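Because the structure is a prediction, the values reported are computed rather than measured. Computed over heavy atoms, backbone and side chain alike; hydrogens, waters and symmetry mates excluded. Convention: sequence-line order gives letters A, B, ...; per-chain numbering from 1.
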Protein chains: 2
Amino acid sequence: METAVEEKGVVECTAFNSTECRGAITGVRDALYVLNGKWKIPLIVALSEGPLRFKDIQRSLGDITPKILSKELKELELNEFVIRTVYSTTPVTVTYQLTPYSRSLDKVMKELKDWGIQHRQRIVASRKANSSN
Amino acid sequence: METAVEEKGVVECTAFNSTECRGAITGVRDALYVLNGKWKIPLIVALSEGPLRFKDIQRSLGDITPKILSKELKELELNEFVIRTVYSTTPVTVTYQLTPYSRSLDKVMKELKDWGIQHRQRIVASRKANSSN
DNA sequence: GATACCGGTATCCTTTAGGATAGTAGTATC
DNA sequence: GATACTACTATCCTAAAGGATACCGGTATC
């Protein structure tokens, strides 16, 4: 974390008052506002292949408790990413599916997923390189 | 939030055991692991137009306290997204700039920003529609 | 009659994130 | 000598996120 002191000149710092940059910051903050927390994005990905039932979502995500899952699904419903449908079977069946609007997130999800996959590979590769010293 | 009970048949729910889907969930979770919290992504966006000094970043983000900013910058440094450089001017100057690796996030950032901007417009439009009733 | 499944709630608790406020060393300026 | 600036750190605190555990009514199965 400690960086050696450098003797070069000072870099000019003017980017912070660019309106373009400010708009970009607002943009990502707006996006993060509705996609906040640990679960929203994984949940949307889990539902992206088709409707799932409550228990199936739990199994899919592996370690989410029903309380948290319930809360997250409600928030996704409020933001029009998810539709909850109840079928009067016995016992009752409830499915959750993505709305058409949630599809506008497809590109975001794809880029995030691709980046995460390459990042993991990078970490693994650098670990191997270190252990072979 | 309450949905009427529907009388249709039960939808099959098999997507949760697709390996493709599981890989995607792991991918986004890996990405979110390093991009966690309220500030990492806005910080990267703020630095994306060039190096900035500590105070300039603060001004750019508007409402981040120095303690939080310091912590977030250290984490970004650990994950090789940011380089900290000290210039021995008087008073000392410290700049933060993105690494080449952080540029691999460009597409993610762009998609997130674009989505956030259109989402805000959508919200504003739907508010207008409601208030004109 | 005991157990299990479904779709959750209720209660309690811990952890983390994040913020408010103050202060620091060193220099420079008024 | 008082004040200001930079780049932080220290201390204290609150609020929110998240998790563990237990439980519920209804039904079906063994």
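Looking only at side-chain heavy atoms (C-beta outward), B:L47 and B:F81 stay at 4.5 Å or farther from each other. Here the side chains of B:K113 and B:V45 are not in contact, with every heavy-atom distance at 4.5 Å or above. Side-chain contact check for A:L98 versus A:V82: some heavy-atom pair is nearer than 4.5 Å.
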* Structure fact -> Each nucleotide of nucleotides 20-28 of chain C classed B (base within 4.0 Å of a protein heavy atom), S (only sugar-phosphate) or -, in 5' to 3' order, makes B------SS
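One interatomic measurement links the two molecules: CD1 of B:I68 to P of C:dT16, which rounds to 15 Å at whole-angstrom precision. Atom CG of A:N36 is separated from atom P of C:dT16 by 19 Å (rounded to the nearest Å). Across the protein-nucleic acid pair, A:L32 atom CG and C:dA17 atom C1' stand 15 Å apart, rounded to whole Å.
Between B:G116 and A:D30, the closest heavy-atom pair is O-CB, 4.0 Å.
The number of heavy-atom neighbours closer than 6.0 Å to OH of A:Y33, taken from other residues, nucleotides and ligands shown, is 12 or below.
In the hydrophobic cluster analysis, where Ile, Leu, Val, Met, Phe, Trp and Tyr join through side-chain heavy atoms closer than 4.5 angstrom, A:V92 is grouped together with A:I57. Two different hydrophobic clusters hold A:V28 and B:I117 under the rule that ILVMFWY side chains link at heavy-atom gaps under 4.5 Å. Hydrophobic clustering keeps B:V34 apart from A:I123 (ILVMFWY residues linked when any side-chain heavy atoms are closer than 4.5 Å, directly or through intermediates).
Looking at which nucleotide of DNA chain C each of A:Q58 and B:K38 is closest to, the 5′-most match is held by A:Q58. Mapped onto DNA chain C by nearest heavy atom, A:K55 and B:I64 fall at different nucleotides, with A:K55 at the one closer to the 5' end.
Running 5' to 3' along DNA chain D, contacts with non-hydrogen atoms of chain A at under 4.0 Å begin and end at D:dG18 to D:dA28.
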